[in-house]
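Here's the structure, in structure tokens; my notes come after.
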Amino acid sequence: MGGLGSHVLHGPAYRASDWTAEGLLERKGDRTVSVVVPAKNEESTVAAVVERIIADFVRADGSGLVDEVVVIDSDSTDRTADVARAAGAQVFSANEIRPDLGSVPGKGEALWKSQHVTSGDLVVFVDADLVDWGTHFVTGLLAPLLTDDAVQLVKAVYDRPMIDATGREEETGGRVTELVARPWLALHRPGLAGIVQPLSGEWAIRREALASYAVPVGYGVEIAALVDTFDRFGADGIAQVDLGRRTHRHHRHDTLGLMAVQVLAAADRRRGGGVGGAGGDDAGSTVSLTQYARGTAGFEPRVTDVATGERPPADSLRMPSADAR
Ligand SMILES: O=c1ccn([C@@H]2O[C@H](COP(=O)(O)OP(=O)(O)O[C@H]3O[C@H](CO)[C@@H](O)[C@H](O)[C@H]3O)[C@@H](O)[C@H]2O)c(=O)[nH]1
Ligand SMILES: O=C(O)[C@H](O)COP(=O)(O)O
């Protein structure tokens, strides 16, 4: 396990405002960049995410900072796919990518499948439910990868206020971060204590590194990529960038319980070290989470099967044929 490096020791070392798209374009050279947006029922926000990124970074002749913007539609039942396509994204349904590999629900599954329909040397992930954000998220996340060969993974850092249903700003968000991820890191990877937002949904990674990791199918994908990068490359392989402020849609506490199970499951697989959750090839695995609500007969259990499986490293699979995409 590597020691603390200069990028993470004192919190974010990079600021998005330190770079312009033009400056980064000069650094980009012949490398290519994919922006991937996983989306499940995000018809109200996905278009703005796609449109703004395309407007600022994609050029018709392929000379822009971003080469492709790809939305992975993750079992949406609303108009997410149509809206994203109309906004200019390439849209793939997660369950139609590599159908030979089967399909399970989940954010991690969407990101894992994205590797089979994108080609960028650098991959930037941006959530589709963003409300308060800017396209500097993309430049900020790319900058460390374009300027420091040691960096493999870039994590976003931001203020993340909780906005209630009336639009009022409540306390600081990040409930799973504070109650699950950060305590686990304190116990089992204290070298990552300098990571401000371990679960941030906006991150960038070198394709080669991502393809070498097992990927949890659910919300464990972020903690897994963080721990795997640390275990393989040490702290110098991870950079953080301050992106300012981010707001998004919030889940209820009980739904976050399911997310917490997935984060813990992914983290625990990596507890003893060894990159990639012991190889990860059990996409359909679940554990039962029992929660309670008071009903007419007292407290009634509600049991949910939570997906805790993982996909194997993409580079362990044969490349897709054009027909399989
Ligand atoms: O099955 C799913 C569930 C979610 N999403 C998309 O993934 C993104 C993030 O999902 P969300 O439910 O909004 O997660 P958050 O409550 O915002 O959770 C935070 O913490 C998670 C756990 O680390 C991260 O995965 C998230 O990106 C991060 O924003 C959104 O674009 C969703 O549409 C999918 O594509 N498929
Ligand atoms: O990142 C997290 O901890 C979860 O997404 C919960 O975030 P929230 O408390 O801001 O909704």
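All ligand and atom numbering here is 1-based and tracks the order in the structure. Since this is a predicted model, take the numbers as computed values, not measurements.
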Shortest protein heavy-atom distance from [atom], along with the residue and atom involved:
{"atom": "atom 1 (O) of ligand 2", "result": "R160 NH2, 2.9 Å"}
{"atom": "atom 13 (O) of ligand 1", "result": "D129 OD2, 2.9 Å"}
{"atom": "atom 25 (O) of ligand 1", "result": "E222 OE1, 2.6 Å"}
{"atom": "atom 16 (O) of ligand 1", "result": "H251 CD2, 3.1 Å"}
{"atom": "atom 29 (O) of ligand 1", "result": "D127 OD2, 3.0 Å"}
{"atom": "atom 11 (O) of ligand 2", "result": "H250 ND1, 2.7 Å"}
{"atom": "atom 6 (C) of ligand 1", "result": "P38 O, 3.7 Å"}
{"atom": "atom 14 (O) of ligand 1", "result": "Y219 CE2, 3.6 Å"}
{"atom": "atom 27 (O) of ligand 1", "result": "K107 NZ, 2.5 Å"}
{"atom": "atom 33 (O) of ligand 1", "result": "E42 OE2, 2.6 Å"}

Would you give the length of the straight line joining atom [atom1] of [X] to atom [atom2] of [Y], rounded to the nearest 0.5 angstrom?
{"X": "T135", "Y": "I54", "atom1": "OG1", "atom2": "CD1", "value": "12.5 Å"}
{"X": "L65", "Y": "L142", "atom1": "CG", "atom2": "CG", "value": "5.5 Å"}
{"X": "I238", "Y": "Q152", "atom1": "CD1", "atom2": "CD", "value": "10.0 Å"}

Check your understanding: Hey, does the Lys NZ or Arg CZ of R27 hover above the aromatic six-ring of W19, less than 6.0 Å from the centre and inside 45° of the axis?
Key ->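 No cation-pi geometry.
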Is any NZ, NE, NH1 or NH2 atom of the basic residue among [X] and [Y] found under 4.0 Å from an Asp or Glu carboxylate oxygen of the other?
{"X": "K107", "Y": "E222", "answer": "yes"}
{"X": "D61", "Y": "R59", "answer": "no"}
{"X": "D121", "Y": "R31", "answer": "no"}

Check your understanding: Should you measure from each heavy atom of T177, which atoms of ligand 2 turn up under 4.0 Å away?
Key ->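 Those atoms are 1 (O), 2 (C), 3 (O).
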Practice item. State the atoms of ligand 2, each with its element, that fall below the 4.0 Å cut-off from a heavy-atom position in R175. Key: 3 (O), 6 (C), 7 (O), 8 (P), 9 (O), 11 (O)
**Study point:** Any N/O pair G174/ligand 2 closer than 3.5 Å
**Key:**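 N/O-N/O distance below 3.5 Å exists for this pair.
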Check your understanding: Is there a nitrogen or oxygen of M259 sitting under 3.5 Å from a nitrogen or oxygen of ligand 2?
Key -> no
Practice item. Inspect the surroundings of CZ in R15 and state if more than 12 heavy atoms from other residues, nucleotides or ligands are less than 6.0 Å away. Key: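 No - once you tally the heavy atoms of other residues, nucleotides and ligands closer than 6.0 Å, there are 12 at most.
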Practice item. Answer yes or no: does atom CD of E178 have more than 12 heavy-atom neighbours from other residues, nucleotides or ligands under 6.0 Å? Key: yes
Under 4.0 Å from ligand 1, counting heavy atoms only, is it the side chain of [X], its backbone, both or neither?
{"X": "M259", "result": "side chain"}
{"X": "A128", "result": "both"}
{"X": "R246", "result": "side chain"}

Check your understanding: Counting each atom of ligand 1 from 1 as listed, which ones have a heavy atom of A39 under 4.0 Å away?
Key ->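 This gives 33 (O), 35 (O) as the contact atoms.
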Review point. Taking only heavy atoms of S74, which atoms of ligand 1 are found under 4.0 Å from at least one of them?
Key: 1 (O), 2 (C), 34 (C), 35 (O), 36 (N)
Point to revise | Distance-minimising heavy-atom pair for A265 and T308 | key: CB-CG2, 3.7 Å
Check your understanding: Which atom pair, heavy atoms only, marks the closest approach of H251 to M259?
Key ->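 In this case the closest contact between H251 and M259 is CD2-CE, 4.1 Å.
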Review point. Can you list the steps and then say if R232 with S212 is a side-chain hydrogen bond (donor to acceptor under 3.5 Å, both in side chains)?
Key: CA-CA 10 Å; R232 180 168 302 168; S212 71; 2.5 Å; yes
Check your understanding: For atom 20 (O) of ligand 1, which candidate among L130, L199, T80, D75 provides the closest heavy atom?
Key -> L199
